[in-house]
Q: 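Here you go, one structure.
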Amino acid sequence: MNLSAHFAVNTRLTRILGETYRSSEAALKELIDNAWDADATNVWVTLPDPVTNDPVIVKDDGTGMTKSEIRSEYLNIASDKRTRRGDLTSQYKRKIKGRKGIGKFAGLMIASHMKVVTVARDNQCTVIIDKKDLIENQNDLESVPLPFIENAAAGSPTGTTVLLSDLDNRLNFPTPDRLREILIYDYGREDTFKVFVNEICLSVQDVPGTTIQTTVKLPLTGDTDLHFTIADGKRPLRSPGIILKVNGKAIGRPMLFGLEDDEEIPKKLLRRVYGEIEVTGVEDFVTADWSNILENSKSFQEIKLYVNEEIKAALKEFHSKEVNLQKARLQKQIHQRLQRLPQYRRQYAEEALNRILKRFYDESHDRVATIVDVTLDAMECDPYWVVLDHIKASSKSDVGSFATSLEEFGLVELATIGHQASQRRQFLDFFDQLIQNPDTLEKDAHKALETNLWILGR
Ligand SMILES: Nc1ncnc2c1ncn2[C@@H]1O[C@H](COP(=O)(O)OP(=O)(O)OP(=O)(O)O)[C@@H](O)[C@H]1O
Ligand SMILES: [Mg+2]
């Protein structure tokens, strides 16, 4: 006799699925991701004061769900949205985030009670999911009845609202700041998807770092409002640069306004610039389809120069702070070494070190310490120092002694080269003897080579 069996889904699964988030804010982000997938243009998150018993609300104006969509999609655990609907959303062609079909349980990580109210096609449906019911009904998730209400809602705009109440007090209550910080990386650049947390829309200020804002009236362009953050660099930014917004609409991709070609600004630092410049009124530098910028227009050139200068100044200030920090860390080592140099060499040495610190400021401490060490080594044993100093002194006196000093330089150079060459030849002779000796083992030859890699040339 052929019998069939089927899986029973234990309700513990919902708990396990809902407990895999790093923080309450990361769990909430799942609900915002769902609004994104539903082609919402706005999502409003309300985080009440923890002392009240008010629910956390995530409301969107997306497509909403019909009764059958709730049954076949929302309540269908682990079903893959992309196999159902393809990779892109139907209206805004967004890349769909839903993958696993379990994101809704994130709400149950922070709350015991979850109410989903959704409007689509003139109907409003409400489903209530109670964590306690799920836990009490240990054996089979499918047999737990979920209250489901359907109402006519003719003319109501579509969208979904999730209300989370009875928040778990063993977890940190979600805070607006932390939530905004998590959301800014994904949604800070989205023109068609505005996220409001307690009524305030995400902005460049939500990127952790130093924020600068300047408003100015440029002669050709008029009122411009530039705001940007130099991120703290702890997390890479998804699309760094400055977005140009004309009359509230973003044009093209984020840009660096020529700073990308500036030698003085380290590339790594540029990748931490995140901001917007808003221009109102003038729009003659935008292509007819509003998708790009006419780079050679005069007002765009004006904007470019302005943004370039502002950001460069801010980065230099910020950069020098970082350079000084780095320097402070190395100061002790540098100080001890500089003391060993004769007075007249110290100034050069210090200048050279400053240049090194500037250039390598974002390298690891160990790496910079090594570079500083090698530089100072070179300065301590450089025989040219003495001669160069002579030349400098005599350049101010008569031509005769100046010429002698220059000649001296050539002599030192020749003497050094000659000396080095004869020593190297001697070494090669010894090395040859070693190789010819039948008792020499390979490891002996290696040992001799170990500190004499010059044999192999540069
Ligand atoms: N706010 C919403 N608006 C419209 N439909 C929604 C909304 N939230 C969820 N859904 C529907 O319910 C389904 C299940 O959502 P859920 O978050 O559990 O899984 P997912 O988004 O498909 O995948 P993931 O587990 O990766 O988030 C979604 O695929 C979507 O069809
Ligand atoms: Mg999801």
Side-chain angles (χ1 to χ4, degrees), residues 14 17-18 21 24-25 27-49 52-77 79 81 84-85 89-92 94 96-98 101-134 141 144-168 173-174 176 179 183 187 193-199:
T14 54
L17 296 176
Y21 295 91
S24 312
E25 293 81 6
L28 273 182
K29 180 173 177 284
E30 285 291 340
L31 306 186
I32 290 120
D33 290 347
N34 281 351
W36 164 268
D37 286 350
D39 267 335
T41 50
N42 293 289
V43 47
W44 298 272
V45 183
T46 312
L47 298 175
D49 195 312
T52 68
N53 262 336
D54 296 345
V56 167
I57 305 172
V58 180
K59 177 177 154 66
D60 70 58
D61 60 359
T63 53
M65 287 175 274
T66 60
K67 188 168 145 189
S68 71
E69 279 166 349
I70 294 185
R71 288 188 201 282
S72 65
E73 302 191 359
Y74 192 78
L75 297 176
N76 190 352
I77 299 171
S79 124
K81 187 169 177 100
R84 288 194 318 259
R85 302 267 176 126
T89 63
S90 55
Q91 192 177 353
Y92 293 109
R94 296 174 180 162
I96 287 184
K97 298 201 180 230
I102 55 171
K104 67 212 138 237
F105 292 116
L108 290 177
M109 166 182 152
I110 57 171
S112 319
H113 191 90
M114 183 158 95
K115 181 166 156 185
V116 184
V117 183
T118 183
V119 177
R121 295 207 208 123
D122 293 335
N123 253 318
Q124 185 193 62
C125 295
T126 303
V127 192
I128 292 168
I129 306 175
D130 204 301
K131 204 158 142 182
K132 276 193 255 76
D133 288 347
L134 298 184
L141 189 60
V144 181
L146 303 173
F148 192 106
I149 306 154
E150 193 188 358
N151 293 313
S156 297
T158 62
T160 302
T161 306
V162 180
L163 296 102
L164 302 169
S165 36
D166 282 342
L167 294 214
D168 189 335
F173 199 89
L179 180 63
L183 295 174
Y187 298 123
F193 189 69
K194 296 258 171 290
V195 183
F196 298 84
V197 179
N198 289 352
E199 290 173 11

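All residue numbers in this chain count up from 1 along the given sequence. It should be emphasised that the depicted structure is a prediction, and the values quoted were computed from it without experimental measurement.
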Q: So, the side chain of R94 versus the backbone of W36: is there a donor-acceptor pair under 3.5 Å, distance only?
A: yes

Q: Please round to the nearest 0.5 Å and tell me the distance separating atom CG of N53 and atom CG of L167.
A: 8.5 Å

Q: The test is side chain to side chain contact (heavy atoms under 4.5 Å, CB included); show your working for I32 and V58 and say whether it passes.
A: CA-CA 7 Å; I32 290 120; V58 180; 4.3 Å; yes

Q: Evaluate the criterion side chain to side chain contact (heavy atoms under 4.5 Å, CB included) for residue pair Y21 and K29; output intermediate values, then yes/no.
A: CA-CA 10 Å; Y21 295 91; K29 180 173 177 284; over 6 Å; no

Q: Is the backbone of G62 close enough, under 3.5 Å, to the side chain of T158 for a donor and an acceptor to pair up by distance?
A: yes

Q: Minimum heavy-atom separation for D37 to G98, with atom names?
A: OD2-N, 2.7 Å

Q: Under the side chain to side chain contact (heavy atoms under 4.5 Å, CB included) test, which residues partner T118, sequence neighbours left out?
A: M65, I70, C125, T160

Q: Flag yes if more than 12 heavy atoms outside D49 fall under 6.0 Å of its CG atom; otherwise flag no.
A: yes

Q: Got a donor-acceptor contact below 3.5 angstrom from the S24 side chain to the F173 backbone?
A: no

Q: For the residue pair V119 and P157, what are the closest heavy atoms and their distance?
A: CG1-O, 3.5 Å

Q: Suppose the criterion is side-chain hydrogen bond (donor to acceptor under 3.5 Å, both in side chains): which pairs have a residue in residues 101-115, not counting sequence neighbours?
A: H113-D130

Q: Checking the side chain of K59 only, and the main-chain atoms of T161 only, is there a donor and an acceptor separated by less than 3.5 Å?
A: no

Q: Check whether any side-chain heavy atom of V43 lies under 4.5 Å from a side-chain heavy atom of F193, and answer yes or no.
A: yes

Q: For a 4.5 angstrom cut-off between non-hydrogen side-chain atoms, does L134 reach I129?
A: yes

Q: Would you check if the side chain of D61 reaches a backbone N or O of N42 as a donor-acceptor pair within less than 3.5 Å?
A: yes

Q: Start with the C-alpha distance between T63 and D39, add both sets of side-chain angles, then the distance that settles side chain to side chain donor-acceptor pair (under 3.5 Å), and finish with yes or no.
A: CA-CA 6 Å; T63 53; D39 267 335; over 6 Å; no

Q: Rounded at 0.5 Å granularity, tell me how far CG in L108 sits from CG in L164.
A: 8.0 Å

Q: Over all heavy atoms of both residues, which pair between P174 and E25 is shortest? Give the atoms and the distance, please.
A: CA-OE2, 3.2 Å

Q: Under the side chain to side chain donor-acceptor pair (under 3.5 Å) rule, what do Y187 and D33 come out as? Steps first, then yes or no, please.
A: CA-CA 10 Å; Y187 298 123; D33 290 347; 2.5 Å; yes

Q: Show, in sequence, the C-alpha distance, side-chain angles and deciding distance for L75 and L146, and conclude whether the side chain to side chain contact (heavy atoms under 4.5 Å, CB included) test is met.
A: CA-CA 10 Å; L75 297 176; L146 303 173; 3.8 Å; yes

Q: Does a side-chain heavy-atom distance below 4.5 Å link E150 with Q124?
A: no

Q: What distance separates I57 CD1 from T46 OG1, expressed to the nearest 0.5 Å?
A: 4.5 Å

Q: Look at the rings of F196 and W44 and say which category their plane angle falls in: under 30° parallel, 30 to 60° tilted, over 60° perpendicular.
A: parallel

Q: Would you give the length of the straight line joining atom CG of N151 to atom CG of D122, rounded to the nearest 0.5 angstrom?
A: 12.5 Å

Q: With sequence neighbours excluded, tell me which residues meet side chain to side chain contact (heavy atoms under 4.5 Å, CB included) with P176.
A: L47, V197, N198

Q: I want to check something: taking the side chain as every heavy atom from C-beta on, are D168 and I110 in contact at a cut-off of under 4.5 Å?
A: no

Q: With a 4.5 Å heavy-atom cut-off, do V56 and L28 have their side chains touching?
A: yes

Q: List the steps, then state whether side chain to side chain contact (heavy atoms under 4.5 Å, CB included) holds for K194 with T41.
A: CA-CA 6 Å; K194 296 258 171 290; T41 50; over 6 Å; no

Q: Rounded to the nearest 0.5 Å, what's the gap from CZ on F105 to NZ on K131? Could you check?
A: 11.5 Å

Q: Kindly give the heavy-atom pair with the smallest separation between A27 and A106, and that separation in Å.
A: O-CB, 3.3 Å

